[in-house]
Amino acid sequence: VCCFQAEDGIRYVERARGLGDVYKRQPVEMALEAKKRGLTVIAITSLAHSKSASARKEGRHPSGKRLFEVADIVIDNCGLAGDAMLDIEGLPFRACPSSTIAGAAIINAIVAKVAKNFVERGEIPPIALSGNVEMTPEYLGKIVKAVSKWKDRIEWLRKYLKRFGV
């Protein structure tokens with residue numbers, strides 16, 4: 001996962017999957033472009049895999065750089081080389097990627113800390129809520145107002161806010 005941080009928050013998240021050349025080069029290309037634009041690049045990656053022999057052979061970026069070498073901030077998801085973590089008797093390879101579990105936990109931990117920081121400053125965190133969450137119209141209005149300043153930059157947020165007439 002590669003996040004680009006600007007003065008007003010995280011702008012883009014890119015995730016690489018599989019061994020394909022395009023998938024492995026794309027986050028590095030995006031990170032290099034983000035750095036050219038003056039953005040901070042945050043990578044969530046498996047350093048064990050990134051430094052493994054198979055990762056060095058497969059899908060390298062033409063610059064020879066790997067995402068963790070380009071990013072300003074690197075968060076190691078502590079995944080195994082090859083990503084899969086479960087040995088199943090009779091299966092000649094591991095199954096079940098650790099990056100999915102670790103990535104979700106890491107991203108949600110970051111969201112929780114950022115939300116807490118907002119609240120400690122007396123602000124409403126700009127978090128899009130589940131439609132399954134009930135709250136007072138007054139508080140919902142505060143949240144909609146808090147996130148609406150980003151609606152012109154984030155397409156899914158525009159769609160989300162349309163539900164509330166914003």
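All values below were derived from every heavy atom in this structure, side-chain atoms included, with hydrogens, water molecules and symmetry-related copies excluded.
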**Student:** On a heavy-atom basis, which atom in Ala71 and which in Ala43 lie closest, and how many Å separate them?
**Tutor:**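 Residues Ala71 and Ala43, closest heavy atoms: CB-CB, 3.7 Å.
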
**Student:** With rounding to the nearest 0.5 angstrom, report the NE2 to CG distance, His49 to Leu80.
**Tutor:**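 Here the rounded value is 11.0 Å.
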
**Student:** Locate the shortest heavy-atom distance separating Lys51 from Arg66; write the atom from each residue and the value.
**Tutor:**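 Smallest heavy-atom distance, with atoms named: CA-NH1, 3.7 Å.
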
**Student:** Who passes salt bridge (Lys or Arg N to Asp or Glu O under 4.0 Å) against Asp76, sequence neighbours left out?
**Tutor:**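 By the salt bridge (Lys or Arg N to Asp or Glu O under 4.0 Å) rule, Asp76 matches no residue at all.
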
**Student:** Could you list the residues that satisfy side chain to side chain contact (heavy atoms under 4.5 Å, CB included) with Ile124, not counting sequence neighbours?
**Tutor:**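 Expected list: Tyr139, Lys142, Ile143, Ala146.
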
**Student:** Are Val119 and Val111 connected in a single hydrophobic cluster, I mean Ile/Leu/Val/Met/Phe/Trp/Tyr linked by side-chain heavy atoms less than 4.5 Å apart?
**Tutor:**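 Different clusters: Val111 never reaches Val119 through Ile, Leu, Val, Met, Phe, Trp or Tyr contacts under 4.5 Å.
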
**Student:** Atom CG of Asp83 and atom CG of Asn77: how far apart are they, to the nearest 0.5 Å?
**Tutor:**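 Spacing of CG (Asp83) from CG (Asn77) equals 7.0 Å.
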
**Student:** Is there a side-chain contact between Met85 and Ile101 (heavy atoms, below 4.5 Å)?
**Tutor:**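 With C-beta onward as the side chain, the pair touches.
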
**Student:** Going by the rule salt bridge (Lys or Arg N to Asp or Glu O under 4.0 Å), which residues pair with Lys35 if we only count those two or more places apart in sequence or in a different chain?
**Tutor:**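 Partners of Lys35 by the salt bridge (Lys or Arg N to Asp or Glu O under 4.0 Å) criterion, ordered by chain and then number, come out as Asp72.
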
**Student:** How would you list, by chain and number, every residue that makes a salt bridge (Lys or Arg N to Asp or Glu O under 4.0 Å) with Glu33, sequence neighbours excluded?
**Tutor:**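 Applying salt bridge (Lys or Arg N to Asp or Glu O under 4.0 Å) to Glu33 gives Lys36, Arg37.
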
**Student:** So does Gly79 get a backbone contact from the side chain of Ser98, meaning a donor-acceptor N/O pair under 3.5 Å?
**Tutor:**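 No; judged by distance alone, with no hydrogens or angles, the pair does not exist.
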
**Student:** With Asn108, which residues qualify under side chain to side chain donor-acceptor pair (under 3.5 Å), at least two apart?
**Tutor:**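 With sequence neighbours excluded, Asn108 shows a side chain to side chain donor-acceptor pair (under 3.5 Å) to no residue whatsoever.
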
**Student:** Between Ala48 and Ala81, which heavy-atom pair has the shortest distance, and what is it?
**Tutor:**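 It is O-CB, 4.0 Å.
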
**Student:** Could you identify which residues cluster with Leu47, counting Ile, Leu, Val, Met, Phe, Trp and Tyr as linked when any side-chain heavy atoms lie under 4.5 Å apart, either directly or through a chain of such contacts?
**Tutor:**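 In the cluster with Leu47 are Phe68, Val74.
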
**Student:** Restricting to side chain to side chain contact (heavy atoms under 4.5 Å, CB included), what partner residues turn up for Ala115, sequence neighbours left out?
**Tutor:**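 With neighbours one apart ignored, the set is Pro125, Ile127.
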
**Student:** Could you list the cluster mates of Leu91? Members are the ILVMFWY residues connected by side-chain heavy atoms closer than 4.5 Å, either directly or through other members.
**Tutor:**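 When side chains under 4.5 Å apart are linked, the cluster holding Leu91 also contains Leu86, Ile88, Phe93.
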
**Student:** Which pairs with one or both residues in residues 104-118 pass salt bridge (Lys or Arg N to Asp or Glu O under 4.0 Å), sequence neighbours excluded?
**Tutor:**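 Output for this query lists Lys116-Glu120.
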
**Student:** If you measure from CD1 on Ile106 to OG1 on Thr45, what distance do you get to the nearest 0.5 Å?
**Tutor:**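 Rounded to the nearest 0.5 Å, the CD1-OG1 separation comes to 10.0 Å.
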
